[in-house]
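Structure first, then comments.
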Amino acid sequence: MPRTDDDLSPLAPLRLPVFRMLWTTWLMANVCMWMSDVAAAWMMTSLTTTPLWVALVQTASTLPVFLLGLPSGALADSLDRKRYFLVTQLWIAVVASILSVFVFLDVMSPALLLALTFANGIGLAMRWPVFSAIVPELVPRTQLPAALALNGVSMNASRIIGPLVAGALIASAGSAWVFLLNAVLSLVAAVIISRWKREHIPHPLGRERLGSAMRVGLQYVAQSYHLKGVLLRISIFFFHSTALMALLALLARGMQGGGAGTFTLLLAAMGAGAIASTAFLPGLRRRYPRDGLILRGAALQAAAMATMAWTDLVWVAVPAMFLGGAAWITTANTLSVSIQMGLPDWVRARGMSIYQMAIMGASATGAAIWGQVATWTSVPVSLAIAAATGLLAMFLANRLLPDAGMEDDLTPKRIFPAPQIHAPPPQGHVMVTIDYRIDPARAADFRELMLGEGRRSRLRHGALSWELLHDIHEPSRFVEVIVDESWTDHLRRFDRVTAADVALRDRKLAFHLGDEPPRVTRSLMETTVKTP
């Protein structure tokens with residue numbers, strides 16, 4: 001069916017009831033996140049005025065995603081995603097309840113606040129990969145960019161709603177009530193998730209072991225030039241841009257007439273800029289290539305940060321934060337679409353968790369570093385350095401590692417029959433050898449294909465190791481050697497074949513001589529078998 005303008009509308013995914021329901025849940029969850037972050041950051045400024053302690057609130061919030069993102073993604077790729085999503089909301093509700101109790105009892109300290117903020121971050125680490133993996137299930141591929149942009153709208157609408165609600169509660173009733181409302185809203189979100197009618201279909205080969213699943217996720221990303229380029233750019237952007245968020249509470253206090261209301265206003269302006277820019281994203285993606293759009297986003301972000309560094313006037317700071325929000329969603333959405341398009345469904349949660357780990361790891365590190373720089377120098381100097389170096393680093397990334405502009409066809413293709421045996425072999429590694437006969441005159445081209453795309457493809461699918469052997473006595477004979485962790489892991493590779501893999505197989509076979517296909521042998525590696 002041909003695409004229509006309605007299919008490409010920025011609001012098209014909201015016409016789907018399930019997406020609309022879960023998008024509302026995501027909005028509510030993000031409102032809770034921002035309420036908690038604002039209350040924690042503002043509370044820290046009342047407990048201590050040291051810039052490093054204030055910046056560490058951002059670090060405590062984001063570091064768990066860096067530490068736990070990959071295990072969370074691996075679990076989200078193998079467990080019931082509905083139940084997993086539900087558990088994350090319940091976790092956040094419990095932590096918010098504990099926070100509110102400690103504040104009500106007036107026993108909060110800087111160290112305890114950081115510890116509970118870290119615990120809340122664990123819930124975020126669990127939640128983000130599973131929701132990222134769910135979204136492509138809910139919408140057609142043509143609507144995925146719009147769905148991801150709507151997720152950005154959710155994040156930035158919550159950036160307005162959350163701080164406004166939190167600011168009003170802090171001013172009128174106190175921070176404890178912010179954390180209590182956070183707990184209530186998290187429970188409401190959990191109830192909505194429980195109403196989602198999703199059938200979990202267990203994999204016929206059983207659940208993949210956590211350690212193996214994590215290894216395969218890392219291998220998939222490590223063997224993809226495209227994905228590594230995305231991770232580099234998102235790390236650069238958030239490492240530098242997080243300086244603004246980490247130090248914003250101190251900037252707000254230092255402005256003329258600054259206070260909690262100013263802090264809330266600046267956050268709301270950033271969210272408004274992000275929401276407003278989503279209407280222009282489809283046109284910007286058509287007008288500029290990915291790297292060009294990202295560099296423009298980085299330049300706009302740097303300009304916003306530089307302005308915030310040298311002004312104490314609210315009427316100047318508000319439009320600067322508005323432009324910063326527009327730069328944030330332009331860059332983040334462009335890279336989020338890019339990485340989603342480069343991931344097949346079987347490894348999507350793991351890939352997106354690594355993407356989120358890059359964001360949060362860069363944010364956590366950046367917040368600590370720019371907070372320390374501000375302690376050594378001043379908040380304006382720290383922001384100015386972050387702005388200048390961020391733009392320079394993004395320029396160098398585009399120059400040295402340009403986007404190839406090519407995306408593999410990741411449509412699943414189950415055309416290779418899985419091997420059958422009468423009984424599972426004993427536990428141990430499985431070695432697969434594929435015997436090719438190649439015209440010596442074409443051997444150099446075959447070797448280049450195998451050592452490049454051939455090797456990367458096998459490792460992306462989860463092989464432990466890969467080698468290409470060349471027979472010394474028979475120059476026409478090449479042997480591909482693949483080692484899988486177990487027989488079950490070997491069978492999993494047949495479920496991971498895509499249209500791009502089929503095309504690669506055809507290119508390999510084009511070099512093979514003779515009417516018979518290459519000979520395939522599967523052997524149990526006895527040296528890896530565990531004896532009783």
Side-chain angles (χ1 to χ4, degrees), residues 17-40 60-65 67-102 115-138 147 150-159 161-163 165-166 169 176-200 348-349 352-353 356-357 359-360:
V18 177
F19 178 84
R20 188 167 59 246
M21 178 186 71
L22 292 179
W23 183 85
T24 302
T25 306
W26 191 238
L27 173 62
M28 194 176 302
N30 286 326
V31 167
C32 292
M33 179 188 71
W34 279 107
M35 287 170 53
S36 181
D37 284 355
V38 168
S61 177
T62 55
L63 186 59
V65 182
L67 297 176
L68 303 176
L70 184 56
S72 177
L75 290 172
D77 272 329
S78 59
L79 299 177
D80 184 337
R81 288 174 178 172
K82 172 187 170 179
R83 292 185 179 180
Y84 193 56
F85 195 16
L86 181 61
V87 168
T88 67
Q89 287 304 116
L90 295 175
W91 174 281
I92 291 173
V94 170
V95 174
S97 300
I98 295 172
L99 269 165
S100 66
V101 169
F102 283 168
L116 290 172
T117 302
F118 185 88
N120 186 69
I122 292 175
L124 303 180
M126 296 164 63
R127 183 180 71 190
W128 202 90
V130 66
F131 186 78
S132 298
I134 286 171
V135 171
E137 292 182 17
L138 308 177
L150 284 170
N151 288 346
V153 169
S154 170
M155 174 66 77
N156 288 283
S158 67
R159 192 193 296 267
I161 299 169
V165 173
L169 280 176
W177 291 96
V178 177
F179 296 125
L180 183 59
L181 180 59
N182 188 357
V184 172
L185 291 178
S186 296
L187 287 175
V188 172
V191 172
I192 295 175
I193 295 169
S194 69
R195 296 171 60 86
W196 175 26
K197 291 179 171 52
R198 180 185 187 269
E199 181 182 358
H200 174 64
R348 188 177 304 279
M352 293 307 296
S353 71
Q356 187 68 2
M357 285 170 62
I359 291 176
M360 294 306 184

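Just so it is clear, the structure is predicted and the values come from calculations on it, not from any experiment. Basis for what follows: all heavy atoms, side chains included, without hydrogens, waters or symmetry-related copies.
A distance of 12.5 Å separates CG of L22 from CG of L27, quoted to the nearest 0.5 Å. Separating the CE atom in M28 from the CG atom in L187 is a distance of 11.0 Å, to the nearest 0.5 Å. Atom OG1 of T25 sits about 8.0 Å away from atom CD of Q89, to the nearest 0.5 Å. One finds the CG atom of L99 at 6.0 Å from the OG atom of S36 (value rounded to the nearest 0.5 Å).
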Under 3.5 Å donor-acceptor pairs involving side-chain atoms of residues 116-125, not counting sequence neighbours:
| from | atom 1 | to | atom 2 | distance (Å) |
| --- | --- | --- | --- | --- |
| T117 | OG1 | L113 | O | 2.7 |

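Residues passing the side chain to side chain donor-acceptor pair (under 3.5 Å) test with S186, sequence neighbours excluded: N182. With sequence neighbours excluded, no residue forms a salt bridge (charged side-chain N to carboxylate O under 4.0 Å, His left out) with R20.
The two residues K82 and S194 have their closest heavy-atom pair at NZ-O, 3.2 Å.
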Worksheet item: Between V165 and V31, is a side chain to side chain contact (heavy atoms under 4.5 Å, CB included) present by the stated rule, with each step listed?
Response: CA-CA 9 Å; V165 173; V31 167; 5.7 Å; no
Worksheet entry | Check against side chain to side chain contact (heavy atoms under 4.5 Å, CB included), W177 and S100 | CA-CA 7 Å; W177 291 96; S100 66; over 6 Å; no
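By the 6.0 Å contact criterion, CH2 on W91 is open, its count of non-hydrogen atoms from other residues, nucleotides or ligands being 12 or less.
A 4.5 Å side-chain heavy-atom check between M21 and I192 finds at least one atom pair inside the cut-off.
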